[in-house]
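This report concerns only the one structure given below.
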Amino acid sequence: LEADQKMGQETTKQLAEKFQKAQEAMKQGNFEEAAKELEQAGQALKDIEADLKDLEDAEDYLQRLKEEAKKACKNCNG
């Protein structure tokens, strides 16, 4: 979990840097570079979305396991 949090922080930091670089490139009139940075930022957002979906799926799976464990315990205790 701690490793995931650290990776998430790094991804967020990289995303912020991409937006900052894009902004700087636009200020300098370098729209090609700005477009490249924004494209990379968009890909990073897609990666974050995929990671969030994986976390939601894991959370759902854990919830189902907890419910099954409760049912099993009730059956054992009568």
Side-chain angles (χ1 to χ4, degrees):
L1 182 62
E2 189 174 314
D4 288 339
Q5 287 176 338
K6 187 172 184 176
M7 186 170 32
Q9 290 172 346
E10 286 296 316
T11 303
T12 303
K13 183 178 176 182
Q14 290 171 353
L15 185 60
E17 288 173 1
K18 294 292 178 192
F19 282 121
Q20 185 176 4
K21 286 180 181 179
Q23 184 179 26
E24 290 171 8
M26 284 189 281
K27 285 179 182 178
Q28 296 171 359
N30 189 348
F31 298 108
E32 197 171 301
E33 181 67 22
K36 183 185 98 176
E37 295 294 338
L38 289 173
E39 185 177 338
Q40 291 175 356
Q43 184 58 51
L45 285 172
K46 287 180 184 178
D47 294 345
I48 291 170
E49 258 186 313
D51 290 345
L52 286 174
K53 176 72 171 110
D54 290 345
L55 288 172
E56 288 171 358
D57 290 345
E59 185 178 30
D60 290 344
Y61 179 71
L62 286 173
Q63 187 60 39
R64 287 194 305 272
L65 285 177
K66 286 180 182 178
E67 290 170 5
E68 290 299 320
K70 282 183 182 179
K71 288 179 188 176
C73 287
K74 284 182 183 179
N75 289 338
C76 290
N77 293 332

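Bear in mind that the values here come from a model prediction, so they are computed numbers and not experimental data.
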If Ile, Leu, Val, Met, Phe, Trp and Tyr residues are connected whenever their side-chain heavy atoms lie under 4.5 Å apart, and connections chain through other members, are Leu52 and Leu45 in the same group? yes
In this structure, CG of Leu55 is separated from CD1 of Ile48 (nearest 0.5 Å) by 11.5 Å
One should read off an interatomic distance between Glu67 CD and Arg64 CZ, to the nearest 0.5 angstrom, of 9.0 Å
Under the salt bridge (charged side-chain N to carboxylate O under 4.0 Å, His left out) definition, can you give me all pairs with a residue in residues 23-41, not counting sequence neighbours? Lys18-Glu37, Glu33-Lys36
Any salt bridge (charged side-chain N to carboxylate O under 4.0 Å, His left out) pairs touching residues 43-53, not counting sequence neighbours? Lys53-Asp57
Which side-chain N or O atoms in residues 8-15 pair as donor and acceptor under 3.5 Å with protein atoms at least two apart or in another chain?
from	atom 1	to	atom 2	distance (Å)
Thr11	OG1	Met7	O	2.9
Thr12	OG1	Gly8	O	2.8

Please report the shortest heavy-atom distance between Ala34 and Ala22, naming the atom on each side. CB-O, 3.6 Å
